[in-house]
Amino acid sequence: MIIDLPSTTTAAVNKALIDLRESGGAIALGRVLTLVVVADEEHAEPAIQAANDASREHPCRIIVLVHASARGGARLDAQVRVGGDAGASEVIVLRMFGKLVGHGASVAVPFLLSDAPVVAYWPGEPPAVPAEDPVGAMAQRRITDVAECRTPVAALRDRGMSYRPGDTDLAWSRTTLWRGLLAAALDQPPHERVTAVRVVGGSDSPSTDLLAAWLGLSLRCPVTRVKARAGVGILSVRLVRRSGPIDLDRPDGATATLNAPGQPERRIALPRRTTSESLAEELRRLDPDEVYARVLTKGLARLTGPRPGAAAAEG
Amino acid sequence: MSPATWHNPLRDARDKRLARIAGPCALILFGVTGDLARKKLMPAVYDLANRGLLPPGFALVGFARRDWADEDFGKVVYEAVRENARTPFRESVWAQLAAGIRFVPGEFDDDAAFDQLAQVISELDTMRGTGGNHAFYLSVPPRFFPMVCQQLARSGLSQQAPHAWRRVVIEKPFGHDLASARALNSVVEEVFPHDSVFRIDHYLGKETVQNLLALRFANQLFEHISNANYVDHVQITMAEDIGIGGRAGYYDGIGAARDVIQNHLIQLMALTAMEEPVSFEAHDLRAEKEKVLSAVRLPEDLGRACARGQYVAGWQGGQLVKGYREEEGISDSSTTETFAAIKLGVDTRRWAGVPFYLRTGKRLGRRVTEIAVVFKRAPHLPFARTATEELGQNALVIRVQPDEGVTMRFGSKVPGTAMEVRDVTMDFGYGHSFTESSPEAYERLLLDVLVGDPPLFPRHREVELAWEILDPVERFWARHGRPDDYVAGTWGPASADAMMARDGRSWRRP
């Protein structure tokens, strides 16, 4: 069900929510968190879709703050979606016009679930320092997506400089399956030291940068980050050991092969992750991700090869 | 470096995102034509693959008395996956899984078939890289266990090797009494070391059951009132709305108590009543469960503390259904119970005097499993007697299935000018969201087997303790005539209500 409330106030929207609850049964009971999505018109709808999918794992209230237009008088258009139109969540879309555009946090406050954690999510360009943004400051956890920024590699560098505990980025969750496979590969004997690492991925792939940085930091060895053409994501990882290299390759973005010395080639499906899968993973934990923090603030700087950010500077 | 001192530098306790992915391995499934394999096991394998939790090169081998080639079995798995998998279907995931599917036709007494199985598995080790790590899932009736285990030993498949593991997974029923459980166990443990035997009780893989541990031991709110000072009694119910379906051959002669109480309900009781384990490691968790099970005692007068029933034809949920003795393959004179209720005590300081009522049955009012902790009334009520006439006892209910969650029941004032207190409920529910996306019990348990993580699997000692509790009841029933009739679609025989009424209590309608 979708209810439109044009040119309205937060009090009226709240009343509509209570009416809905009285007429249609429990809403927002058992919700485990409030997800505040801050987006422009272009990013809003795909983000709602991804959040709805993620809500099947994490029942939540989704507040979408849409910066509609800075022109004209201050105005708030609201839309409430429940039931089939909202996954396992309820969605409150708040379109802001005119001067209201700069005051999204004030619009979101009346709708935050009491006592439940708040997660902020910017599916497009995030603020310069998410933790100091009025919406970000209310949130325990702030999710950005540098891959959706105009210059992803530069945006990743910015995330490193503005990092505060609780920040996270979908580029990092996109590396999780790779990291899991690599860790599992090292679980197997022979348990030798990795002496060098080579990571290949798209020149514009922040996930490749993060994966390379994580490997360098954890394995304490030199890492070469090789840039392939833009748009291909992570392509391959080679871990060099005395007995021979471990190679994990995903040339086609769907199926990977794992090769280790003296062992047959092993294949596994490793599709590129969807935004909703990454978002669901982000919502699984709400405490600061210390590993991400170290990779972002220390690991990236250690990468050899063209430094992250250099390519963006050229463009 | 030895595995004991070696630490994988890519693993960091703070890195909670990294999933547990099993090492290279193959799953060998006996009984691929069964319901369980089709509805649960094969879909669970696919879902694990889709979540990226299976290792590269994973292989699935089927063994059955069917004239199938690898492709035929692949088609069976494909259909099971399309029909019953919980995660979306992805062609690339399926293609990788399908490439590792093999089938070996044969009977359990056919040496040649098992030699061929050994051959297929060793090819997989070299071609797919399953690394000599094999899990054998015996989804077959227990009477075949001896034969299959002997064949696995004879063909060298159960042989433990350095740097590789061999595990066996068995399903309930673990025997039909203490003696047969011991016999069955010795057959299996003759071939596999005891720490390689995984006994599946799928209830323990359910999120809600694990949540019971979180509820009790992660919160300050509940644990200090979980004792005889505050708790009046506990009711553990597992009700099914279905009849015995096509399971006549298995069910007749076994009955509800052996089928459900001995494993699921006693395990749920152990988790509800046990003390806090010092850690959630397998050893510590099982130690607490065994401790509390060893303190369980039956009432002296079994006739007053138990009830059993058998469903007769009736209207259930708008359908006229057959009685148990009219089901296909059941004799007119069968005395097998389809409903069982027993009262148990726990001889510990915490639970002294608090009865645990366990009940289960088929063709009951609806399908539901729950643990209800019912509290004593407040010692003093500062209201007029008329104000609290409608106030019942507070209750904390853990809803295991369906509609997983927690309900709290307490008194609240009825709106109006007069003071009147009535029971209300407060619900926590993950609702449908929970069941849609969270791993299914079999996914969790299969992964635990492949990773080698045993806390959720009962040890043989627990199985024995459960039989020690149930055996006297079964002997009592065997001597005392036949079960009472109850009409299908109701909540069991009148004798079950009478059993509660004798204690001045009544069953919750779940």
Side-chain angles (χ1 to χ4, degrees), chain A residues 26 29-30 32 53-59 87-89 172-173 175-177 179-194 214-215 218-220 239 248 252 254-258 260 263-271 273 280-282 284-285 287 289-292 294, chain B residues 1-3 5-24 49-58 88 90-97 99-100 124-131 133 162-163 405-406 426-438:
Chain A
L29 293 182
V32 294
D53 288 346
S55 75
R56 289 176 207 282
E57 189 175 321
H58 309 278
S89 61
W172 176 237
S173 27
T175 67
T176 304
L177 293 179
R179 298 195 301 120
L181 281 173
L182 292 166
L186 284 195
D187 279 339
Q188 302 301 316
H191 297 137
E192 296 171 340
R193 234 186 90 73
V194 175
W214 173 69
L215 286 167
S218 313
L219 300 170
R220 298 165 198 268
L239 306 178
L248 184 60
D252 61 354
T255 306
T257 57
L258 178 68
Q263 292 186 24
E265 178 175 280
R266 300 191 178 109
R267 299 169 69 83
I268 189 166
L270 185 57
R273 273 192 143 180
E281 177 178 310
E282 290 300 342
R284 225 165 275 159
R285 47 177 299 185
D287 52 331
D289 185 339
E290 296 160 66
V291 177
Y292 169 68
R294 266 169 47 84
Chain B
M1 271 178 276
S2 77
T5 59
W6 188 77
H7 173 74
N8 186 343
L10 294 185
R11 298 222 181 262
D12 181 338
R14 293 169 304 174
D15 198 347
K16 299 182 204 162
R17 293 171 190 258
L18 280 200
R20 303 174 309 154
I21 302 179
N50 207 5
R51 293 182 207 271
L53 299 175
L54 289 184
F58 175 81
R90 280 194 188 129
E91 199 56 49
S92 61
V93 173
W94 169 252
Q96 279 323 304
L97 194 60
L124 284 171
D125 281 346
T126 49
M127 285 173 51
R128 291 272 296 177
T130 44
N133 301 316
H163 296 302
V406 180
M426 188 160 79
D427 270 352
F428 163 75
Y430 274 104
H432 297 295
S433 58
F434 191 84
T435 43
E436 263 175 57
S437 291
S438 67

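Sequence lines set the chain letters: A, B, ... in the order given, protein chains first and strands last, and positions in each chain run from 1. Keep in mind that this is a model prediction, so the values were computed, not measured.
Only the side chain of Arg11(B) comes within contact range of chain A, judged by heavy atoms closer than 4.5 Å. Proximity to chain B involves both the backbone and the side chain of Leu186(A), based on heavy atoms less than 4.5 angstrom apart. Looking at Leu53(B), there are no atoms closer than 4.5 Å to chain A (heavy atoms on both sides), in backbone or side chain. Proximity to chain A is limited to the backbone of Thr126(B), based on heavy atoms less than 4.5 angstrom apart. Using a 4.5 Å cut-off between heavy atoms, Asp125(B) touches chain A through its backbone atoms (N, CA, C, O) alone. Looking at Leu270(A), there are no atoms closer than 4.5 Å to chain B (heavy atoms on both sides), in backbone or side chain. Interface residue Arg294(A): only side-chain heavy atoms are found under 4.5 Å from chain B. Using a 4.5 Å cut-off between heavy atoms, Leu182(A) touches chain B through backbone and side chain atoms alike. Neither the backbone nor the side chain of Arg20(B) comes within contact range of chain A; no heavy atom of the residue lies under 4.5 Å from a heavy atom of that chain.
Side-chain contact check for Asp12(B) versus Trp214(A): every heavy-atom pair is 4.5 Å or farther apart. Residues Arg17(B) and Ser173(A) meet the side-chain proximity criterion, which asks for heavy atoms closer than 4.5 Å.
Arg51(B) and Leu177(A) make their closest contact through O-CD2, 4.0 Å (heavy atoms, listed as atom of the first residue, atom of the second, distance). The minimum heavy-atom distance linking Ala269(A) with Val93(B) is given by the pair CB-CA, 3.3 Å. The two atoms that bring Ser218(A) and Leu10(B) nearest to each other are CB-CD2, 3.7 Å, heavy atoms only.
Contact count against chain A (heavy-atom pairs under 4.5 Å) is highest for Gln96(B) among Glu91(B), Met127(B), Arg90(B), Gln96(B). With respect to chain B, the highest number of heavy-atom pairs below 4.5 Å among Gln263(A), Arg284(A), Glu282(A) belongs to Glu282(A). For the set Ala254(A), Ala185(A), Pro264(A), Pro189(A), the entry with the most heavy-atom pairs within less than 4.5 Å of chain B is Pro264(A). Comparing Asp187(A), Asp252(A), Thr176(A), Thr255(A) by heavy-atom pairs within less than 4.5 Å of chain B, the highest count is held by Asp187(A). Between chain B and the options Ala184(A), Ala260(A), Ala256(A), heavy-atom pairs under 4.5 Å are most frequent for Ala184(A). Contact tally against chain A (heavy-atom pairs below 4.5 Å) for Gly100(B), Ala95(B), Pro24(B), Ala99(B): the top residue is Pro24(B).
The structure places CD of Glu290(A) at 5.0 Å from CZ of Arg14(B), a figure rounded to the nearest 0.5 Å. A distance of 11.5 Å separates NE2 in His7(B) from NE2 in His191(A), rounded to the nearest 0.5 Å. For the atom pair Arg193(A) CZ and Trp6(B) CH2, the distance stands at 12.0 Å (nearest 0.5 Å).
Arg285(A) CZ: more than 12 foreign heavy atoms inside a 6.0 Å radius.
Within the 3.5 Å criterion, the main-chain N or O of Ala183(A) finds a donor-acceptor partner in the side chain of Asn8(B).
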